[in-house]
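Please read these numbers as outputs of a predicted model, since none were measured by experiment. To find a chain, count down the sequence lines: A is the first, B the second, and so on, and within it residues start at 1.
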Number of protein chains: 2
Amino acid sequence: MKTDERIVQAMAELLRVQGYAATGVKQLTEAAGAPTGSIYHHFKGGKREIATAALRSTGAAYIQLLPLLLDPYDDLAEGVEAAFAQAAEDLENTGWANMCPVGTVTGEIADAEPALREVAAEVFASWVEEGTRYLTGRGLSPDDARAATYALLSALEGAFILARGQRSREPLLAAGHATAAYVATLRKPAPLTP
Amino acid sequence: MKTDERIVQAMAELLRVQGYAATGVKQLTEAAGAPTGSIYHHFKGGKREIATAALRSTGAAYIQLLPLLLDPYDDLAEGVEAAFAQAAEDLENTGWANMCPVGTVTGEIADAEPALREVAAEVFASWVEEGTRYLTGRGLSPDDARAATYALLSALEGAFILARGQRSREPLLAAGHATAAYVATLRKPAPLTP
DNA sequence: GTCTATAAAGTGATAGAC
DNA sequence: GTCTATCACTTTATAGAC
């Protein structure tokens, strides 16, 4: 992998585990296997610029999971619940570290780092757009699809925090069950006349 | 207010706005109006001990809002949706800063600060206990009440993050609507025979 | 493009006068 | 119990050899 890509990926991982403020450039050099000079050669904006690149990169990667996780399920609500269960398993298997870096960083620096907050807002907006498109394709009305996307993302990000704090799958499973129950109220039953 | 209380309250406010790692002791002295010596006189454990006290303090305060917000509504689902709308208004009125410090800090330091993570876990557990008790009193089965509490807390914490990042009420309103719809599926209709 | 050395500022924490 | 001065260390970022 190219040096600049290694740097961005290492930053994304560090952001996910410990957030922005606690991540030092020295730590980044060790994680990326690139010395300080390389860091600032590739990213003259330093730590902040690397973090923005990391958020954009992971933002683009994460949204691809949506169809991958939900497509296999004919019943949308069932798929939602399974996706949360999958997230819970992933979280536990990574020692309760595998959280979304965008959520972590947004909660931490929304006021102190306007540039990062704007990037996070962009990423969230792209997720909502993509999620709305997908759920509309699954039979929801555009308004319902957009609201359901926001509800799903909120439940997921929040349950990540609770699960990580308590080191328990229970918050993710409960949030998944609740979101599925909500989605089920939106799905209109198939017409009786085929 | 006593000096040690001012210190804890100032820390809670700073945690809420900018998290743990970004909050410096010097900044805390200015916010609390107490010099460095006073800080370490009252809290020999320094920054970390003050943060734990702040999390416990705000944790105890926040859970009291649950009955205050929901008691006025005979219909539980209606109350849940109104509570999220209230949270959205509060968040906007404070310049998108008024988030839960426990959620902020948990997402940020779950791995790097084990002591703080444990305190956060305690606070979450107390919230779940209290929420389960309350919702049971509102007619839900104990299992449903516990799951609904987790779902409500997750949706709230996650929607706070999205709303703060996007500076929009929409995530909180959508999450509130979804959580209300879910709660409505749990409430058994009143028996027809009185 | 990579690497080392270092600058300049800030960090958490402590000592000790008052 | 309050306050100031300061230590020891780390931080982000830069300079310049290779």
Rounded distance (Å) that lies between atom [atom2] of [N] and atom [atom1] of [X]:
X        : N       : atom1 : atom2 : result
Ile50(A) : dA13(D) : CD1   : P     : 9 Å
His41(A) : dA13(D) : NE2   : C1'   : 16 Å
Glu30(A) : dC3(C)  : CD    : P     : 14 Å
Ile7(B)  : dC3(D)  : CD1   : P     : 11 Å
Ile39(A) : dT11(D) : CD1   : P     : 14 Å
Glu5(B)  : dG1(D)  : CD    : C1'   : 15 Å

Exercise. So with a 6.0 Å cut-off around CZ of Arg6(B), is the heavy-atom count from everything else above 12?
Worked result: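 Yes, enclosed.
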
Exercise. Can you tell me if the side-chain N/O atoms of His42(A) get under 4.0 Å from OP1 or OP2 in dT2(C)?
Worked result: yes

Problem set entry | Phosphate-side-chain proximity, Ser38(A) and dG1(C), N/O vs OP1/OP2 below 4.0 Å |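 Answer is no, no contact under 4.0 Å.
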
For this session: Could I get the full list of ring pair (Phe, Tyr, Trp, His ring centres under 6.0 Å) partners for Trp96(B), not counting sequence neighbours?
Result: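 For Trp96(B) there are no ring pair (Phe, Tyr, Trp, His ring centres under 6.0 Å) partners, ignoring immediate neighbours.
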
Problem set entry | Salt-bridge criterion met for Asp111(B) and Arg117(B) (N-O under 4.0 Å) |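 So Asp111(B) does not pair with Arg117(B) through a salt bridge.
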
Problem set entry | Pairwise side-chain contact, Leu66(B) with Glu130(B), heavy-atom cut-off 4.5 Å (strictly under) | no

Problem set entry | Parallel, tilted or perpendicular, as decided by the 30° and 60° cut-offs, for the rings of Tyr62(A) and Trp127(A) | parallel

Exercise. Can you hop from Leu186(A) to Tyr150(A) via hydrophobic side chains spaced under 4.5 Å?
Worked result: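 Same cluster.
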
Mind listing the N/O atom pairs, protein and nucleotides 11-18 of chain C, below 3.5 Å?
| from | atom 1 | to | atom 2 | distance (Å) |
| --- | --- | --- | --- | --- |
| dG12(C) | OP1 | Thr23(B) | O | 3.2 |
| dG12(C) | OP1 | Lys47(B) | NZ | 3.0 |
| dG12(C) | OP2 | Val25(B) | N | 2.5 |
| dA13(C) | OP2 | Tyr40(B) | OH | 2.9 |
| dA13(C) | OP2 | Lys47(B) | N | 3.2 |
| dA13(C) | O5' | Tyr40(B) | OH | 3.4 |

Problem set entry | Nearest heavy-atom neighbours spanning Thr132(A) and Arg146(A) |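 The answer is OG1-CA, 3.4 Å.
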
Exercise. How far apart are the closest heavy atoms of Gly176(B) and Val80(B), and which atoms are they?
Worked result: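 Between these two residues, the closest heavy atoms are O-CG1, 4.2 Å.
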
Seminar exercise, completed: With five pairs defining each end axis, the helix from dG1(C)-dC18(D) to dC18(C)-dG1(D) comes out bent, to 10°, by 0°

Seminar exercise, completed: Value for OH (Tyr134(B)) from CG (Leu70(B)), rounded to nearest 0.5 Å, stands at 4.5 Å

